[in-house]
There are 2 protein chains.
Amino acid sequence: MREAEPTRPAEPRRGRPPKGRVVLTRKLIVTEAMAMAEDRGLDSVSMRGLARQLGVDAMSLYNHVDGRETLLDAITEFVLAGMELPPTTRQFRNDVYAIAQAFRAAAVRYPRCAPLVLTRQLGSFVALAPVEAVLTILRDAGFPPQRAVHALRSVLAYVIGALLRELSAGPTFSGDNLGGVEKRLSELEASELPHVVEAAPFLAVCHHDDEFRFGLDLMITALEAQFQPR
Amino acid sequence: MREAEPTRPAEPRRGRPPKGRVVLTRKLIVTEAMAMAEDRGLDSVSMRGLARQLGVDAMSLYNHVDGRETLLDAITEFVLAGMELPPTTRQFRNDVYAIAQAFRAAAVRYPRCAPLVLTRQLGSFVALAPVEAVLTILRDAGFPPQRAVHALRSVLAYVIGALLRELSAGPTFSGDNLGGVEKRLSELEASELPHVVEAAPFLAVCHHDDEFRFGLDLMITALEAQFQPR
DNA sequence: ACCTGAACACCGTTCAAGT
DNA sequence: ACCTGAACACCGTTCAAGT
């Protein structure tokens, strides 16, 4: 995906070596910003740092992007645009499940950029395509428009909350983590709160995939109960 | 809550006039940071700006607070500590409902600080008290520990997602907003996505209270179905 | 013990000048 | 049309010096 440039001398900055001279383009700027975010974190994406990475003057970016905030919006849009809408099977449970997982997949693909998708509301068209898809599923299952909107928002709230935990927990707090689990475990046990202590082994780890499915299943089950699924 | 200081000359900075000479204290710093966040937004809380507001040198803050990040952690903790745990009624639905609403109330009390509570995970003890309360409700209802943790995380994910929308939507996007609704409505209609257009009147507004209750009800209903409530 | 001035290494963005 | 140097008004944080 990205190649080194061995002709350049050693670079003082972390991360990959900056690009050589390059024709600046909105697309290139966004792509490079995402690459930067993915390997050094979103906070490290500054207009100046990004320009440095591109081997370009900071102010040149402003010819293609309105400023930092709109650059972040562009990243948000890009991540969301990567979502593949699954074809409908006309089975309520399957379809809700599949589209939620598709959203999750799009987010997880860019784990450090994805929090933008979860926290910014962008009014753009790309955000409406998934909305249409979910509304279609709900309407087909018999939800009238207003209830469909409620249901959409409920599922979305759950999905966003779950992904926010999954993504900002970082590589820590997954099941296969070594030292961290024991430390959290002993912290939990030190609390002396009886049910926290009792559940400590389960609280200390989090299998995001199982967790996501569990809550999603709850949501779908409750929605099915509102209208008999076919 | 805060009084003006008419003896001072007009101040160039927005917001309330800075405090006069003052004895610096960790608590004062946190309190003032929160006041600043509430009336100018979290981004405006800088170490230098905060110091200015307190009539103090920026570096003095470091005698009481470790740095900006830990200051934000302190705010997070303060907001969460404001949560009042409702007494249990031993009725599953009531209790889950009440504690979720208590969490929401604590967040809404500091709308501009609250996103911190939703996005940072703090390992501190104050975060464990609500966890214990929820686990107690679930265990009493018959959930074994592991399922109780799943259920806790599901409800929390929903609550966090819903609050994130409610709080970062800001004063806009509530039902009683004037011009914004019409603009959103026409944007939605312009999409030409059939179900989006059909549901546009409902998508264009959001009554956060109703919305919160709807999804919470779904969650509780699904959990009740897993174990017969008493 | 607490406060602070100076300094370092950064930011985002505007604007006028270059090509 | 696109790029850029200089400048403005900021940041967080360290450190040595003051009281």
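Naming: A, B, ... by sequence-line order, numbering from 1 per chain.
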Original post:
Hey, what do you get for NE2 (B:H208) to CZ (A:R153), rounding to the nearest 0.5 Å?
Top reply: 8.5 Å
**OP:** Quick one: which residue pairs count as a salt bridge (charged side-chain N to carboxylate O under 4.0 Å, His left out) with a foot in residues 106-125 of chain A, not counting sequence neighbours?
**Re:** A:E69-A:R120, A:D73-A:R120
Subject >> Euclidean distance, atom CD1 of residue A:I29 to atom P of D:dC2 [Å, nearest integer] >> reply: 11 Å
Original post:
Using the C1' atom in both, what is the distance from D:dC11 to C:dC8, to the nearest Å?
Top reply: 12 Å
Original post:
Atom CG of A:N63 and atom P of D:dG5: how far apart are they, to the nearest Å?
Top reply: 13 Å
Original post:
D:dC11 C1' sits how many Å from B:L42 CG, rounded?
Top reply: 16 Å
**OP:** For B:E189, check side chain to side chain donor-acceptor pair (under 3.5 Å) against everything at least two apart and list the hits.
**Re:** none
Subject >> Value in whole Å for how far the P atom of D:dC11 lies from CG of B:L50 >> reply: 11 Å
**OP:** Could you state the atom-to-atom distance from CG of A:D57 to P of D:dT4 in whole Å?
**Re:** 5 Å
Subject >> With sequence neighbours excluded, residues passing side chain to side chain contact (heavy atoms under 4.5 Å, CB included) with A:S191 >> reply: A:L193, A:V196, A:V197, B:F125, B:L128
Subject >> Pairwise C1' distance, D:dA17 and C:dC2 [rounded to whole Å] >> reply: 13 Å
**OP:** Any pair with a residue in residues 58-68 of chain B that passes side chain to side chain donor-acceptor pair (under 3.5 Å), sequence neighbours left out, goes on the list, sorted by first then second residue, please.
**Re:** none
Original post:
By side chain to side chain contact (heavy atoms under 4.5 Å, CB included), which residues pair with A:A106, not counting sequence neighbours?
Top reply: A:M83
Original post:
What is the distance, rounded to the nearest whole Å, between atom CG of A:L61 and atom P of D:dA1?
Top reply: 20 Å
**OP:** Report the residues that fulfil ring-ring contact (aromatic ring centres under 6.0 Å, His included) with A:F214, sequence neighbours left out, ordered by chain and then residue number.
**Re:** B:H150
**OP:** Check side chain to side chain contact (heavy atoms under 4.5 Å, CB included) between A:V159 and all other residues, then give those that pass, not counting sequence neighbours.
**Re:** A:A100, A:F103, A:V155, A:L163, A:F212
Original post:
CZ of B:R40 versus C1' of D:dC11: gap in Å, rounded?
Top reply: 15 Å
Original post:
Hey, is B:R104 close enough to B:E166 for a salt bridge, meaning N to O under 4.0 Å?
Top reply: yes
Subject >> A:S60 vs D:dC2: side-chain N/O to OP1/OP2 distance below 4.0 Å >> reply: no
Original post:
Which string of ( ) [ ] | and . matches DNA chain C, if you list each base 5' to 3' and count Watson-Crick or G-U pairs only when both distances are under 3.5 Å?
Top reply: ||.|||||...|||||.||
**OP:** Any chance you could list the contact pattern along nucleotides 12-19 of chain C? Use B for base contacts, S for sugar-phosphate-only contacts and - for none, protein heavy atoms under 4.0 Å, 5' to 3'.
**Re:** BBB-----
**OP:** Kindly say if B:H64 contacts the phosphate of C:dC3, meaning a side-chain N or O under 4.0 Å from OP1 or OP2.
**Re:** yes
